[in-house]
Amino acid sequence: MRTLLTLIAGSLLAASAWGDPTAESAVTDRNTLARVGDRIITFPQLNTQLNSTAVVGVSIPALGTPDRRRVMLTLLDRAISLNLLYLDAVDKAVPEDPGYRQELKAYTDGMLAGLYRRSYLKKDIAISEDEITDYMKRHFAKGTVLDDKMRPLIEAKVKKAKYVKHKKGMRAHLRDGMDVKIAIRHLEIEDDALRSDQQVIAEYAGIKMTWGETKKYLTTLNNSIDLDRRLQTLDQLIDNRLLARRGREAGLDRDPGYQSALAEFSVTRLVNLHRSQLIAGMEPTAQEIDDYFAQHQQRITFNEHRKLQMVVFQDEQTALDIVEKMEKGELTIYQAARDHSIDPRAKQTLGDFGWVEEGTGFPALDELVFALEIGELGGPVETPAGWHIVVVSEQKASKYTAIEDPDTRHKTRKLLLKERLNDYLAELRTQDYPVVVYEENLNRLLQEEAQWIAAKSREMKQHPERARIILEEMKALVE
Amino acid sequence: MKRYLLRQTKSHRTTIVTIIFTFMLAFTMGGAWASSDDEEEYHHEKEESSDSGKKEESEDHEDDHSSKDEDSAEGDSVGGGGSGLALTPKNTFNIMMNYELGMHCTGFEFAYCCVLPPYNSILAQVVKTQQSGKGENAFARLLEGDPNVGLDALGRQTVLRDHDLDENGNFQRYVIEYWHEAQPREEAPNVVTQTSRLISAVEGNSLLMWNTIADSAVVDANGALVLSGEGGNPRLYDDPDGANVKGVMLGDGDFDDPTDDYWNAVWNHLYIYADLEGANPEDTSLEGKKIRLGVTGHIEYPDDCGAGLHPMGPVSHPDGLPTNPAVPNDCGGASNGNVLTFSGEHGTVVYTQMKVLENLPITLTSPRIWEALGLPLTPFEDSIDFFANPGAMYEESVRPFVAMKARLRHYDENAYGGMGEPVTQNGVPVEGFGTAPIDIPNCERCHSEVDTTNSPHRTGDEVWSKVKQEYDFWMGYYGIIEGEESDWYPRLKSAAISILGLHDQNHGTGFLDNYPACTTPAECDAYAADLSAQNGRPIFAQSTRIGEATVLCQRCHADNVIAQVKSATFMDDEGVDRVILPMSEAIHQTHRGYGEGGPIAFTDSFGRFGGCQGCHPAHRSNGDMAGYPITEEGDNFYADTDNRLGAGGCFVGRDVHSNPFKDIDGAGTPEHLTAIGEWLRVNVSQNQAGYADSDRDNRGIWCTNCHNQLSQEIWKRENMVSLIKGEPGQDATGQDAVNIRALGSLGEIASALDVSLEQAESWLDPRDPTVFPTADGVTRDTEETMGIWRRDPGLCAYLGGSTDPALDAKLATIEVAGDVGACSTGSAAPGPDCDGDGNADFQLCGSFDGDGDFSVNILTLCTTDDCVAEAQADLNGSMAAPVPFSAATDGRDHWLAAGEPHCADCHKAPYVEPSGHQPGNDHSPFNYPRKAGLMRYSRGHRDITCQGCHESIHGLYPVAPHLEQGPGVDGVDSTTYAQAAYLNSDDSHGPLKCGSCHMYETLVDNPDAQIPARVCEPGEDGGNCDGGGGLAFDGVPITSDFDAAVSWAHTFTDNHDPTEDFCLSCHDNENDDVSVQEEEWLEHAMKGRVSRKTMDQVEVALTGAVFGSDDPLNTVCQGCHGDERHEVVCDGEDGREWKLHLSEGRVSESVWEHVSTDLIGSTCAW
């Protein structure tokens, strides 16, 4: 079962949904399930999602069951949709959206600033033997032996000293060779209302910072009380910009980690933005919402639910006798359930039946239950299960029953929008981008899983003494 | 040594479990709501059940008992001031349920961090109420555990035993089934439908803890924990980012152990030796003898299993009904399932190691409490499926006041968990319920925002880039549509990134150095596969993004809320190792308001800091967050008005102390305020009309009116032998110490504390001086005002005589000496170097165990002057020195510290906590001698916990709704609102009145009054009364004054001597007649005069032992009759008569057991 184990262990999470850019060989890979444009989706990716059911939102079906295939297809569909959205966004030139570009700029500035800060703080942090010897000389008595316990402590001290030195010198380093001017007179708090957005408040390396571009940071409540705080914030803003600038100058934008982080952010941001823009363009009219409700009311309406106490009798006369006693106050429904119900659970539950939804039970019982007042004793009524008496203890009212109700309209609109987005994606799939699903691969791989499980189940039946071992094997497979 | 190897399947809801569960569920469902396809199967079940249904059973015996004893005239004395009509409690059993904690985190998934694990406990006491004037049910009593049957695998008692007999003449036995229910949620657009209220299967549904990777602690060959920076281990101490953290528990560096998950790892600092009651049979502190919690090969926690090895509850029934589970839910065999266990005579106790002391016992639950401890509760019902579709998860889905429920069942040794048929009273099941609060502090309101006043981020900074990246990742992962669906989950996730990123930036850690750890499918594949292979379970996306295992805050930060009393150290910029702030201080310091020198603008127009409610849970019962102090953008909602108008959250407007409507239907007794309470009433609570938006005159007090420095200062100096009785200890001169709490004015209290009145006022009602210039022109010093959150200046400052308020209260009196030779212990460890000369300034006397671990010599836990002097008297050459908490626990842990606010701060005796270390109130490390104990562990009237009658921690009752809006409408905690009404005989909303347990009368002029019917009026003759003085409080007879009755009841604790007043209430001093030969005395309980418990107390008080302890057959037995030993049998009429000796209190329980065992070798199933 090495193959299956490998498949399952080939866990994939986040980025799984994006698929991989195609390498030609991958298309023929026996694990490939789908191809969306130039991107592929594999069985291991989805299997990991499947085993992470708590996250992906579908229950984990047992290995080898038909449900497993259904859920796998659901996941595959989701992955395909995300890839389609991405491809569509690129084709629709969403990457050129000014807001998107601005967000990317802010993102890259922040990431590069961080990279540079860390790389600067850690520079030259390696410790030489000379430095250790020097530290020993300065801090320990002559003849002290440097043992294995002491060495890491000394290294830590020396490293820390270097780190602190870098940290303290950071601002000076950033501004080295650069004239940074801050116009304090244009930052006075009492002049905020009078100041023009074009007013230059700081200048560094030939770059001017205006009040307009910085005031949202400098007029927060804290920075509107205390000029010193305002100046600190401004200095931090300048430092951040300089850090990013230094990062670019140092070529940190070629760092592989940065590149992959940027790749993720640019894709996720792009898809999220595209999705919301698409939705904004799909706003239905009032009539369309009305029509959608009319067509899909059954899906939208929440049926009434009721919580029941119930006693089930073998025959009507027994039921009537008990009802009479209950009406006289000689018996409670709990006692009736305990002492007279044929429901095998009754002695334990005392007739607590839980919540039921209107329209889902035996018709006669359903009719009775949803006609009763809270606390009213009803029945007996006959069903194939016996004769029932019930008391409704709680009610959860039906909802979304009329489109005039704002909540109903809200929910209907949302479902309609979702449906429109799905339709849009379906159209992309059929008309704009080639989607190839390698269903035979999926079927084959699922079949392999199913066969293995079936074989193990047979083995367990034949050799119950080995049940524990077999369960462990099954567990290992899932894990 | 017992070791509990509880490794269970790492149940990430594996396929196997799913299959098994599905099958078993199908067999148990049945019922009429099955589809017609199930008909055939149902009929089959019906036939079977029909046979069993023929078995007729008589009506509940407890119902028989609940009817009034017609021959009870003698017992049912009639109080003179009452209506003359004795009423019985409405319940035969009262299950009084209280909560413990209700911790919180940034969310309920711990992939990245953060702060605290969920930890909710059910604490319960069960009272069998008085139902007649004499006989078996003549006295209310607490039901305790049966040591003989139904013990779980850990040896804990699960069965309640009752003196009362059933119709077959057998002693009654019960178990208490428990479960949790979320409060109802109405259908709302976009929000997931609530189809069940049961909260039981949390992991993977609304919680990710077991599926969150963490490297649980590893022990070395000697059984000791491996720490960073020690023993040459450089990990963390050699952190190139400069964090250089030393003393952190380390794992083994991989994730392949069964306990390598968050919930197991977070408890690694705790251990036991034999059981969960603190037994240490070998009296050892050797590392190898310790059984560690959450460590592989020691105690391993299976999924959905609480810190005390109780399961979350029953497995979910499709209808949401709690049922006996088809699949065992028993913490890997450790427990009997979802039944409460009894904490026994020692309480539930585990150990932890302090810096200079091993085996610090931590009382998790006080003795004689029915409990389910440390459950990982969330505010989401099982049907929420949180992680399935976070786009449908709105903040309003939070149900923070979960109902913990209990049902009393007959014990059936053949039923799962012993859970037989439910016990009924008046034909209705005996149930109890209580509030289990659990919520999320909304860190995300600020931490997932950018460029707002209180956001820590600015566009373009490093941390914000990562926060934004995280937000977008989850929006994309789940396909959440911006603006149309809920982005709450992405905000929660990004808030965790924000917190870790800021920590990196400010403290040099590297939590996010690898963030995002995987960004391409290939990377994620490899990374997740690696983790999955190591950990033996599927790895969720949640666990991979930071490229590290989850950050366990308490590995570095001491945090006594989970009993982690030892911080790691870090190297500061000067290269000096310094103690890392404990969690509470670190978080509160970081989040101080602007006026306190912090970064946040959260004060209201009164200058009171809104961050309390802003950060601490504040969702209402209905999920509403209207008026939450922090806007969705992280701004201050109440900047121009009053925080207290944001009523309905965890404290504000809910708690009796902050609810303007508290007097509507409560007990109806006065507040009995001290000078401090009175000051707060006048200056804070009342007379608010005229301020912004107020038409209310009484807005209650604010969090900082209790959680403040004044409370600490009083506790520091307190020296009371008995707070309840007002009995002081002695000061340094041998004079009675001043009872500071009882002084007549705030000025006098300030004077006793050696501070000015202005200082005391500033402490008592801390205000932000930049927002609220005081009316009297006094400018409050913020550092002084907020002294409670200042960093402790350390032991050297303390020893140097500093009066800095940040110095903590004293913890224990230990032995110190100038050199080791002077120590009575013969060995010592170096104390601190205060003068910086590189040498210790004194030695800490103590001892080293076989592992070389040092334990300081604690002379006494009492730290008052007289105790220190007494300890000193026994020393020769060394010195008794009281030391502060901070020296022992690395900081001023204020979350659960003993110096937390007390009832006694504001309320007069006897409405106060008992002083610590009285019998029954010695719960380490929370209660201390001569100091007020913590309310959460305190006992009052006849061993009932304070919380039993007043509800948990703050003394919540009555939780009155805002009547103009209606109960629950404004979000007031509807569970607690209903709780006391369920127990009180007049359906009032608490605190509990006498009539909830005792037969009672009301007063003609006060129908709300409830006076126990048995109480005599002064001079009354007849019934139980024989011309005694009656009972009085402060000279006021309690038969005619409800307030006096309630006050007296507060004095009648188990430490109260009944001969002082109780006996004298009925007759003159007849102590001489308390004799083993005196039938009249021996029949007191049987005739309904005093309970057997009281008789035991009297006998012990007067003679040193209960009668019959020695040679009962020739003493106490013959006090009433001749030699009838041949009638001591278990069965038949004689057997019933013999058992009634116990049921009716004819002899003490211990004597009855002794005689029974002696004569027939059995206690007749007692």
Side-chain angles (χ1 to χ4, degrees), chain A residues 9-15 20 51-52 54-55 57 62-63 106-107 109-111 113-114 122 125 148-149 152 156-157 160 163-164 216-217 220-222 240 260-261 264-265 268-269 271-272 276 279 302 332 335 342 344 347 350 352 354-356 361 383-385 399 407 410-411 474 478-479, chain B residues 14-16 19 32-33 39 42 45-46 49-50 53 187 189 204 232 234 237-238 240 242 244 319-321 387-389 421-422 427 429 451 453 458-462 464-465 469 472-473 475-476 481-482 516 519-521 524-525 528-529 532-533 536-541 571 573 575 594 601:
Chain A
S11 304
L12 159 85
L13 305 163
D20 281 319
N51 289 332
S52 304
V55 177
L63 288 167
Y107 172 82
D109 278 358
M111 294 298 276
K122 290 181 193 172
I125 208 130
D148 287 346
K149 285 186 180 179
K157 294 267 185 191
K160 181 73 182 186
Y163 180 88
V164 170
K216 70 176 176 181
Y217 310 117
T220 57
L221 189 53
N222 295 342
N240 267 352
S260 61
E264 179 203 301
F265 180 74
T268 54
R269 187 70 209 116
V271 170
N272 291 342
S276 61
I279 285 287
F302 174 81
T332 66
Q335 292 164 317
I342 59 172
K347 285 200 184 307
L350 301 190
D352 278 344
W355 290 91
V356 295
T383 75
K399 196 156 182 187
D407 280 354
H410 183 93
K411 186 174 182 184
M474 288 178 166
V478 176
E479 289 165 354
Chain B
T14 61
T15 310
I16 308 308
I19 294 169
W33 232 261
E39 194 178 318
Y42 183 79
E45 290 183 8
K46 195 168 65 170
S49 68
S50 177
E187 271 298 306
Y237 195 61
D238 194 25
N244 300 92
D319 293 316
L321 273 178
F387 299 103
N389 182 12
E421 288 179 21
D451 296 337
T453 294
R458 302 285 171 263
T459 303
D461 74 27
E462 176 193 8
W464 172 248
S465 288
Q469 178 148 23
D472 268 277
F473 179 85
M475 291 293 284
I481 302 169
E482 290 177 0
T519 55
T520 68
C524 287
D525 261 345
S532 182
R537 65 171 72 201
I539 300 306
F540 295 167
M571 197 190 296
D573 286 357
Y594 175 76

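Each chain gets a letter, A, B and so on, in the order the sequences are listed, and its residues count up from 1. Because only heavy atoms are used, hydrogens play no part in the values below, and waters and symmetry mates are left out as well, while side chains stay in.
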Whatever's closer than 4.5 Å to a heavy atom in chain B on A:D148 counts as backbone
Below 4.5 Å from any heavy atom of chain B, which atoms of A:F302 appear? Answer side chain, backbone, both or neither. side chain
Distance from A:K216 atom NZ to B:R458 atom CZ, nearest 0.5 Å? 9.5 Å
Kindly compute the distance separating CD1 (A:I279) from CD1 (B:I481), expressed to the nearest 0.5 Å. 4.0 Å
For B:G460 and A:N240 the tightest heavy-atom approach is O-ND2, 4.4 Å
Kindly say whether B:P189 contributes a backbone atom to a donor-acceptor pair with the side chain of A:K411 at under 3.5 angstrom? no
CD on B:E462 to CG on A:D109, rounded to 0.5 Å: 12.0 Å
Return yes if some donor-acceptor pair links the side-chain N/O of A:K160 with the main-chain N/O of B:M571 below 3.5 Å, else return no. yes
Distance-only, no hydrogens or angles: does the A:K157 side chain make a donor-acceptor pair with backbone N or O of B:G575 under 3.5 Å? yes
Which heavy atom in B:S465 sits nearest to a heavy atom in A:G110, and how many Å separate them? OG-CA, 3.2 Å
Main-chain N/O of B:F473 paired with A:E264 side-chain donor or acceptor, under 3.5 Å: no
Backbone N/O of B:T453 and side chain of A:T220: donor-acceptor pair under 3.5 Å: no
Side chain to side chain contact (heavy atoms under 4.5 Å, CB included) involving A:A113 - partner list, sequence neighbours excluded: A:L243, A:A244
Using atom types as modelled and distance alone, determine if a side-chain donor or acceptor of A:N272 lies under 3.5 Å from a backbone N or O of B:D472. yes
With sequence neighbours left out, the residues meeting ring pair (Phe, Tyr, Trp, His ring centres under 6.0 Å) with A:Y217 are none
